[in-house]
Amino acid sequence: MADRFRPAPFRPQAPGQLGWADVTPPQAWVNRRALLAGAGAALALGARAAANPIPTLEVIDSPLSTDEAPHSFEEITTYNNFYEFGTGKSDPARRAHTLTTSPWEVVIDGLVERPGTYSFDQITEGVTLEERIYRFRCVEGWSRVVPWVGFELAVLLDRVGVLPEARHVAFETLERPEEMPGQRRDNFPWPYLEGLRLDEAMHPLTILVNGLYREPLPNQNGAPIRLIVPWKYGFKSIKSIVRITLTEDQPPTTWNMLQPQEYGYFANVNPEVDHPRWSQATERVIGGGLFPTRQPTLMFNGYGDQVAHLYEGMDLRVHY
Ligand code: MTE
């Protein structure tokens with residue numbers, strides 16, 4: 001999307017003192033979006049908001065949120081990677097409305113006590129939704145701050161009961177080419193696959209996300225349910241999940257299968273280990289119009305205090 005269509009970032013004045021929803025009531029976000037809608041997806045979104053009010057999710061604040069100011073709804077929903085809808089950054093916002101996200105089912109199988117096919121409602125029933133404002137760093141070298149809504153993956157894994165032999169968690173995205181135009185090209189090994197080691201999956205920072213800015217997650221960001229692992233490069237955070245499998249062996253993952261020398265299984269944000277084709281030492285903060293900010297990239301994307309212990313004794317140049 002051309003920069004001139006992107007509204008100025010929404011940055012409230014007193015980060016950390018109030019929740020973002022206290023600063024700006026949900027109705028104002030909807031109105032703001034309707035007002036600011038300039039073109040394409042933003043226009044469609046404004047029309048949708050006018051015709052059909054967007055429900056507000058019941059959400060509590062989390063001490064695990066960063067106090068950095070989140071990027072605007074427009075910035076988070078118009079510049080995306082979701083190859084199922086095309087490889088351009090604006091393709092998901094223009095095309096993902098074709099995805100049917102209800103009804104939605106997730107198969108949970110492998111090394112679990114209660115395997116089965118669970119509806120979206122069963123998965124989210126009774127869970128306390130939290131707003132988690134997280135830093136997000138893409139392996140391509142850009143970053144932003146996002147107010148996700150979700151709950152810890154550990155809550156779901158505890159509910160289905162992880163068997164003692166399980167060591168990894170594999171995730172799979174929906175494969176539905178009739179609604180996902182990118183899947184009608186055979187340039188990619190669909191479906192998109194990702195995986196985490198079990199201790200990473202059980203970490204309190206690892207969440208399943210079903211909302212953004214306290215509203216249901218927009219399709220282009222991975223509706224109705226996706227993974228977010230804030231200390232890893234964004235490609236680990238798989239969208240529109242339909243299968244979660246507990247395994248003993250490390251599962252195959254899409255980018256690692258395609259280009260193993262470029263994309264590792266761990267994919268921890270690490271400014272000291274460059275991608276073979278570019279440095280990872282700094283990142284471009286999205287937004288900012290003609291004068292984008294570059295900032296140093298932080299080890300584990302700034303979450304080192306919470307996660308570094310997971311990798312003690314590992315050579316992160318080998319296990320990149
Ligand atoms: N999940 C699926 N199914 N397909 C994708 O193409 N792209 C990944 C990740 N999850 C992707 C995906 C990449 S490369 C990034 S950076 C993030 O989603 C982008 O998430 P966002 O668009 O919500 O910022």
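Remember, it's 1-based here, ligands and their atoms both numbered in the order they're listed.
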May I ask you to identify the nearest protein heavy atom to atom 7 (N) of ligand 1, giving residue, atom name and distance to one decimal place in Å?
Asn81 O, 3.3 Å

Decide whether an N or O pair under 3.5 Å exists between Tyr79 and ligand 1.
no

Are Glu248 and His168 close enough that a side-chain donor and a side-chain acceptor fall under 3.5 Å?
no

Could you check atom 6 (O) of ligand 1 against the protein and tell me its nearest heavy-atom contact, residue, atom and distance included?
Tyr83 N, 2.7 Å

Between Glu179 and Thr100, does any side-chain donor sit less than 3.5 Å from a side-chain acceptor?
yes

Using atom types as modelled and distance alone, determine if a side-chain donor or acceptor of Asn301 lies under 3.5 Å from a backbone N or O of Val269.
no

Using a 4.0 Å cut-off to any heavy atom of Cys138, which atoms of ligand 1 qualify?
16 (S)

Enumerated ligand 1 atoms positioned under 4.0 Å from heavy atoms of Ser237:
9 (C), 10 (N), 18 (O)

Scan side-chain atoms only and decide if Asn81 and Glu140 contain a donor-acceptor pair under the 3.5 Å cut-off.
yes

Answer yes or no: is there a donor N or O on one side and an acceptor on the other, between the side chain of Ser65 and the main chain of Glu131, under 3.5 Å?
yes

Part of Arg144 within contact of ligand 1 (heavy atoms, under 4.0 Å)
side chain

Trp142 to ligand 1: N or O pair under 3.5 Å?
no

Among the heavy atoms of Arg226, does any lie under 4.0 Å from an atom of ligand 1?
yes

To atom 15 (C) of ligand 1, the nearest of Pro218, Gly222, Gly234 on a heavy-atom basis is Gly234

Nearest-contact summary for atom 21 (P) of ligand 1 - protein heavy atom, Å:
Lys239 NZ, 3.4 Å

Using a strict 4.0 Å cut-off to heavy atoms of Thr173, name the atoms of ligand 1 that fall inside it.
3 (N)

Flag, side chain of Asp315 to backbone of Arg317, donor-acceptor distance under 3.5 Å
yes

Without hydrogens or angle criteria, can the side chains of Arg94 and Gln220 be said to hold a donor-acceptor pair below 3.5 Å?
no

Closer than 4.0 Å to some heavy atom of Glu84 - which atoms of ligand 1 meet that?
2 (C), 3 (N), 4 (N), 5 (C), 6 (O)

Taking the side chain from Asn256 and the backbone from Pro252, do they hold a donor-acceptor pair closer than 3.5 Å?
no

Region of Tyr192 engaging ligand 1 - heavy atom pairs below 4.0 Å:
side chain

Please verify the inter-ring angle class for Phe188 with Tyr192; under 30° counts as parallel, over 60° as perpendicular, anything in between as tilted.
parallel

I'd like to know whether ligand 1 has Tyr233 as a neighbour, heavy-atom separation below 4.0 Å.
no

